[in-house]
Amino acid sequence: MAKRFGGKVALITGAGSGIGEAIAKRLAAEGAGVVLADIDGDGLDRVRADIDSAGGAVRTQHLDVSDASAHQAVVRFAEEKFGALHLAVNNAGIGGPSAPVGEYPLEGWHQVMNVNLNGVFYGLREQIPALLRAGGGAIVNMSSILGSVGFANASAYVSAKHALVGLTKAAAMEYADKGVRVNAVGPAFIDTPLLSNNLPPEALAGIAAMHPVKRLGRPEEVAALTCFLLADEASFITGSYHLVDGAYCAQ
Ligand code: NAP
């Protein structure tokens, strides 16, 4: 595989599982030094070992993205260990409770907002200055198809993922002439523990059937798009939202 990211340093949140894991592995395989950040220590250890044994340059940091004060330490860690930070993927996210708006638990609403939206804002506040210090770079924020369409019983998730698209556009405009690109990715339903730990196989089959391609997506398919957006070949792409959805939103 070509070393598209040789000499680059990338920070990936939620890198201990699923989509973040696939992105981290692809970035490392293509030459980036990667800092894996996650709330799940076991996941971090597992992914780190995989990247290590494949010959990648990898470090790990515990991070709860909903803790605003924790992001500065992670960015500093990346700069200390690898010399600079050029790329960031704000990927950590949770599903949240399933309930209609009239019955949606307040605590669950705030938890989803704190992780899926505020966590990305807190990250950007530290990552963008670091990218500027490095002379420029690129960021991808992990939204969802639910960043542009609704879904019943998931109002907090849908709201956070829509807001993430707006946050992406605003940040991209502010830094477009300063060498920092910011984009959002919108996956449909992807076969990761986020789905398989929360839904029985028959429910997963029903969700797969909702996609015109009649299957769930794979984490590697989201990683391919994300890495394209992070790469220099995407140099004119910023402030936009990119689906990877098996035609889910085309319906
Ligand atoms: P996943 O397999 O559950 O991986 C997410 C990782 O983030 C887990 O290791 C999780 O740890 C970690 N995490 C959770 N809360 C965190 C926090 N507060 N701080 C730091 N790390 C935290 O999920 P995934 O499917 O790969 O999802 C990754 C992203 O893609 C999310 O933003 C999700 O909304 C988005 N997405 C997923 C799908 C899908 O169908 N899978 C579709 C569209 C968008 P724990 O396991 O300990 O919680």
Side-chain angles (χ1 to χ4, degrees), residues 11-26 35-48 50 60-71 73-74 88-96 98 108 110-123 126 139-151 154 156-165 167-168 184-199 203-204 206-208 210-211 213 215-223 225-226 241-246 248-249:
L11 166 62
I12 307 102
T13 71
S17 175
I19 293 170
E21 171 179 349
I23 293 167
K25 288 180 173 175
R26 176 105 190 226
V35 175
L36 318 178
D38 203 294
I39 204 168
D40 172 10
D42 292 342
L44 282 180
D45 290 346
R46 183 180 56 76
V47 179
R48 177 185 183 147
D50 286 352
T60 55
Q61 269 287 86
H62 178 270
L63 172 69
D64 176 352
V65 294
S66 67
D67 177 0
S69 64
H71 289 266
V74 175
V89 183
N90 291 302
N91 163 79
I94 56 173
S98 180
H110 290 304
Q111 192 191 8
V112 171
M113 288 297 163
N114 282 334
V115 175
N116 291 9
L117 177 60
N118 295 340
V120 177
F121 170 66
Y122 302 147
E126 302 297 336
I139 296 174
V140 167
N141 296 325
M142 197 55 63
S143 180
S144 163
I145 48 170
L146 305 186
S148 58
V149 297
F151 200 80
Y157 188 90
V158 168
S159 301
K161 293 299 188 183
H162 272 67
L164 203 47
V165 174
L167 174 61
T168 298
V185 164
F189 292 88
I190 308 299
D191 188 7
T192 73
L194 185 75
L195 288 194
S196 54
N197 287 349
N198 293 312
L199 296 169
L204 285 177
I207 287 174
M210 293 162 67
H211 300 70
V213 297
R215 66 170 175 86
L216 300 176
R218 293 185 288 272
E220 294 74 18
E221 293 173 316
V222 182
L225 172 61
T226 302
Y241 163 70
H242 305 267
L243 295 170
V244 47
D245 75 340
Y248 185 101
C249 291

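All residue numbers refer to positions in the sequence shown, counting from 1. Each ligand, and each atom within it, is numbered from 1 in the order the structure gives.
- Ligand 1 is never approached by Gly43 to a heavy-atom distance shorter than 4.0 Å.
- Ligand 1 lies less than 4.0 angstrom from a heavy atom belonging to Ser143.
- Heavy-atom distances between Lys161 and ligand 1 reach below 4.0 Å in at least one pair.
- The distance criterion of under 3.5 Å between nitrogen or oxygen atoms is not met by Pro187 with respect to ligand 1.
- Some N or O of Asp38 is nearer than 3.5 Å to an N or O of ligand 1, by distance alone.
- Contact annotation: Thr13 has no heavy atom less than 4.0 Å from any atom of ligand 1.
- Considering Ile23, Asn141, Asn91, Thr226 in turn, Thr226 is the only one that fulfils the side chain to side chain contact (heavy atoms under 4.5 Å, CB included) rule with Val185.
- At a 4.0 Å heavy-atom cut-off, ligand 1 touches Ile94 through the side chain alone.
- Between the side chains of Thr13 and Asn90, not a single donor N or O lies within less than 3.5 Å of an accepting N or O.
- Of all the listed residues (Leu44, Ile190, Asn91, Val222), Asn91 holds the heavy atom that lies closest to atom 29 (C) of ligand 1.
- The residue from Thr192, Asp245, Asn90 that puts a heavy atom closest to atom 24 (P) of ligand 1 is Thr192.
- Of the candidates Gly93, Gly95, Ala70, Gly20, the one placing a heavy atom closest to atom 5 (C) of ligand 1 is Gly93.
- Taking atom 38 (C) of ligand 1 as the reference point, the nearest protein heavy-atom neighbour is Ala188 O, 4.0 Å.
- Protein heavy atom at the shortest distance from atom 33 (C) of ligand 1 is Tyr157 OH, 3.5 Å.
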